[in-house]
Each structure stands twice: as structure tokens, then as C-alpha cells.
> 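Quick one: the structure is below, questions incoming.
What you see is a predicted model; the values in this text were computed from it and never measured. As the structure lists them, so they are numbered: ligands from 1, and atoms in each ligand from 1. Each residue takes its place number in the sequence, starting with 1. Scope of the values below: all heavy atoms of this structure, side chains included, with no hydrogens, waters or symmetry mates.
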Amino acid sequence: MLSNTEVKLEVTSLKKIFDRKIIFKDVDFTLNTLDSLAITGKNGSGKSTLIKILANVFTQTTGQVSLSINGKKIEKQYFYKYIGFVSPYLNLYDEFSGYENLKIIAGIRGLPDNNIEPVLKRIGLWERRNDMLKIYSSGMKQRLKIAFSIIHEPQILLFDEPTSNLDAEGVQLVDSIAEEYKNRCILIIATNDEHERSLCAKEINLNNYKKDGTK
Ligand SMILES: Nc1ncnc2c1ncn2[C@@H]1O[C@H](COP(=O)(O)OP(=O)(O)O)[C@@H](O)[C@H]1O
Ligand SMILES: [Mg+2]
């Protein structure tokens with residue numbers, strides 16, 4: 001695990017338009033190692049959209065997202081190596097086991113998979129690793145998504161509603177992972193949940209980034 005890594009994520013004048021509707025505009029923030037940011041705002045305010053732009057899953061309409069590691073600028077197509085992403089939209093494969101899902105997704109994304117065993121143990125799915133995904137509960141699937149986000153020990157962890165579907169023990173697990181990443185690199189959580197918001201030191205509320213003069 002890299003401990004002395006300097007990570008910098010800079011977002012400048014970010015704007016996203018869908019179907020001629022401004023989802024958000026003038027979004028600016030800079031996060032450095034040990035920063036944590038909650039992205040808040042009502043349903044449909046653009047939290048998931050912003051997370052996906054940061055993960056380079058979506059493209060912004062205008063503005064920049066730049067990532068540097070130890071002063072070296074990372075090209076967008078390599079963001080995935082440094083970013084871990086948990087989202088309700090991540091697709092898992094029903095006909096494969098939990099273990100196979102991690103192996104397949106890591107393979108598709110070109111990520112190292114040598115951590116699968118310790119990560120599955122940490123997130124409490126090791127005993128169920130050979131069960132098909134189709135018999136996993138929604139909480140178990142959510143745990144698997146969390147496992148996927150940390151198998152490559154990313155420098156930025158992006159959580160979109162990470163505790164949805166989780167039981168109390170699962171919430172504690174998210175807390176411990178959030179704590180670890182906050183103390184090592186950068187943590188970003190998109191949420192409307194007070195507990196998830198409280199895990200982050202900073203906050204940006206997307207309700208305030210809609211049109212001129214509302215910020
Ligand atoms: N792929 C898409 N095409 C068109 N509109 C989209 C797309 N994804 C999201 N939107 C719209 O963007 C807005 C923000 O959505 P989202 O980022 O999911 O909000 P939140 O996560 O804050 O609930 C919503 O109005 C949603 O309908
Ligand atoms: Mg969302």
C-alpha cells in the first residue's frame with residue numbers, strides 16, 4: 001500500500017448539460033491527499049453524474065478534471081487505475097460467483113486481482129465466494145461492489161450511496177473503509193444520508209450550482 005503518495009484532484013469550471021438542461025455549472029474544487037468531500041443535493045441534482053465524470057465514465061460538457069499523483073499528471077484514460085468506484089450502476093454478472101465476478105471485472109478493467117482473497121475476507125463474503133450472484137442478497141451485492149472498488153488500493157475512493165442496502169455491520173464496514181482512505185488518500189461520497197455525509201470533512205451541495213446567481 002502506498003502511504004506517502006501525494007494525490008491532487010482539481011475540478012475547474014465543470015458543467016454538465018443533458019438534453020439542453022443544465023445539471024450543474026461552475027463546479028470548482030481542489031482536493032489533496034487526506035481530503036474528504038461529500039457531494040450532496042436533492043434527488044436528480046447531479047451527484048451521480050458528477051461522480052461518473054470524476055471516474056471518467058461520463059464526459060463533462062465543459063470544464064476540466066485533472067488528476068496528478070506525486071506531481072505527475074495522469075491522462076484521463078488511466079484514471080481507472082487510481083480510482084475506486086462504488087455505484088448503484090455498476091453491473092455484476094448473475095451467472096458467476098462472487099469470486100468470479102471480481103476476477104472478471106478486474107480482468108476487463110486491467111486491474112490487479114492478487115488482492116481478491118484478503119478483500120473478500122475483509123468485506124465478509126469469503127464464505128460465500130463460490131455462490132452464484134443470482135442468490136446474493138442486495139446487501140451482499142453491495143458488499144461485492146465495495147470489494148471491487150478497493151482491490152487495486154486506489155488513491156481516490158468514489159462512493160455513490162455506499163451504505164444503501166447494507167445492514168448495521170455493513171455500515172460499519174463502509175465506515176472503516178472510509179476512515180482508512182481518508183487517512184491515506186482522497187475520499188468522495190455522493191449522498192443524501194446524514195451519516196454518510198458526516199464521514200467527510202468538506203461538502204459541496206449541487207442544489208447551488210444550477211444557474212447564474214444561485215451560488
Ligand atoms: N444518461 C443520461 N441521459 C440524460 N439525462 C441523464 C442521464 N443521467 C442522468 N441524467 C439526468 O441528470 C440529472 C441528474 O441525475 P443524477 O446525477 O443521477 O442525480 P442524483 O444522483 O443527484 O440523484 C437527472 O435529471 C437525470 O435525469
Ligand atoms: Mg445518484
Side-chain angles (χ1 to χ4, degrees), residues 9-31 35-67 76-77 79-80 83-92 105 108-109 136-150 154 156-167 170-171 173-175 177-178 181-182 186-215:
L9 179 70
E10 219 171 347
V11 169
T12 323
S13 307
L14 205 66
K15 178 177 182 177
K16 182 66 182 177
I17 297 178
F18 274 129
D19 305 328
R20 294 159 64 196
K21 184 171 159 233
I22 294 177
I23 307 300
F24 49 72
K25 63 182 295 245
D26 299 329
V27 173
D28 287 287
F29 58 82
T30 300
L31 299 174
D35 272 338
S36 52
L37 176 74
I39 300 170
T40 60
K42 59 188 181 192
N43 289 341
S45 61
K47 302 180 296 298
S48 296
T49 301
L50 177 53
I51 286 269
K52 287 179 191 166
I53 291 172
L54 299 179
N56 198 29
V57 176
F58 276 0
T59 309
Q60 64 270 33
T61 305
T62 55
Q64 276 87 44
V65 177
S66 74
L67 171 64
K76 271 212 145 174
Q77 75 256 37
F79 274 21
Y80 70 93
I83 285 178
F85 183 37
V86 175
S87 121
Y89 310 100
L90 184 69
N91 287 317
L92 301 169
I105 302 173
I108 291 171
R109 304 218 176 159
Y136 270 35
S137 69
S138 48
M140 289 167 70
K141 286 182 182 171
Q142 181 65 4
R143 284 173 186 245
L144 196 68
K145 289 180 183 182
I146 293 169
F148 173 67
S149 75
I150 58 172
I156 299 182
L157 192 56
L158 300 175
F159 272 172
D160 192 350
E161 302 182 7
T163 61
S164 55
N165 297 317
L166 291 182
D167 55 16
V171 173
L173 181 72
V174 166
D175 289 0
I177 292 170
Y181 276 80
K182 248 181 350 190
I186 293 176
L187 172 72
I188 300 177
I189 306 182
T191 186
N192 265 315
D193 174 86
E194 181 49 36
H195 174 70
E196 290 180 352
R197 199 193 60 72
S198 74
L199 299 172
C200 301
K202 298 181 175 177
E203 179 176 354
I204 178 170
N205 186 322
L206 291 181
N207 295 340
N208 302 329
Y209 293 80
K210 301 294 175 197
K211 40 185 189 279
D212 294 322
T214 56
K215 209 167 58 162

> So is Lys202 actually on top of Phe29's ring, under 6.0 Å and inside 45° of the axis?
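Geometry flag: not set, cation outside 6.0 Å or 45°.
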> Is the distance between the Mg ion (ligand 2) and the nearest N/O/S atom of Ser48 smaller than 2.8 Å?
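Yes.
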> Working note: Asp160 + Ser48, criterion side-chain hydrogen bond (donor to acceptor under 3.5 Å, both in side chains); need CA distance, chi angles, decisive distance, verdict.
CA-CA 7 Å; Asp160 192 350; Ser48 296; 2.6 Å; yes
> Mind checking the OG-CG spacing from Ser45 to Asn205? Nearest 0.5 Å is all I need.
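If I round to the nearest 0.5 Å, the distance is 7.0 Å.
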> Counting only heavy atoms closer than 4.0 Å, does ligand 1 sit against the backbone of Thr49, its side chain, both, or neither?
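Both backbone and side chain of Thr49 come within 4.0 Å of ligand 1.
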> Do you know which two heavy atoms are closest between Asp175 and His195, and how far apart they sit?
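Closest approach of Asp175 to His195, heavy atoms only: OD1-NE2, 2.8 Å.
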> Taking all non-hydrogen atoms of both residues, which atom of Gln142 and which atom of Pro162 are closest, and how far apart?
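Distance-wise, the nearest heavy atoms are NE2-O, 2.7 Å.
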> With a 4.0 Å cut-off on N to O distance, would you call Asp167 and Arg143 a salt bridge?
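A salt bridge links Asp167 with Arg143.
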> How about atom 26 (C) of ligand 1: does it have a protein heavy atom within less than 4.0 Å?
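Given the 4.0 Å limit, the answer for atom 26 (C) of ligand 1 is no, no protein heavy atom qualifies.
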> Enumerate the atoms of ligand 1 whose separation from the nearest heavy atom of Lys42 is less than 4.0 angstrom.
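What qualifies from ligand 1 is 22 (O).
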> For the atom pair CG (Asp35) and NZ (Lys182), what is the distance rounded to the nearest 0.5 Å?
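Rounded to the nearest 0.5 Å, the CG-NZ separation comes out at 11.5 Å.
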> Could you list the atoms of ligand 1 found under 4.0 angstrom from a heavy atom of Asn43?
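Selected atoms, number and element: 23 (O).
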> Can you tell me which residue and heavy atom of the protein come closest to atom 24 (C) of ligand 1, and the distance to 0.1 Å?
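Sorting protein heavy atoms by distance from atom 24 (C) of ligand 1 puts Gly44 O, 3.8 Å first.
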> Just need the protein heavy atom nearest to atom 18 (O) of ligand 1, so name the residue and atom and give the distance.
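Of the protein heavy atoms, Ser48 CB, 3.7 Å lies nearest.
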> At less than 4.0 angstrom from any non-hydrogen atom of Lys21, what atoms of ligand 1 do you find?
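Those of ligand 1 that fall under 4.0 Å from Lys21 are 25 (O).
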> Could you identify the single nearest non-hydrogen protein atom to atom 9 (C) of ligand 1 and state the distance to 0.1 Å?
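I find the closest protein heavy atom is Phe18 CE1, 3.5 Å.
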> Measure the spacing between CD1 of Ile156 and CG of Leu37 and express it to the nearest 0.5 Å.
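It comes to 11.0 Å.
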> Answer yes or no for Lys16: is there a heavy-atom contact with ligand 1 below 4.0 Å?
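It does not; every heavy atom stays at 4.0 Å or beyond.
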> Non-hydrogen atoms of Gly41 versus ligand 1: any pair closer than 4.0 Å?
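Gly41 does not count as a contact of ligand 1 under the 4.0 Å cut-off.
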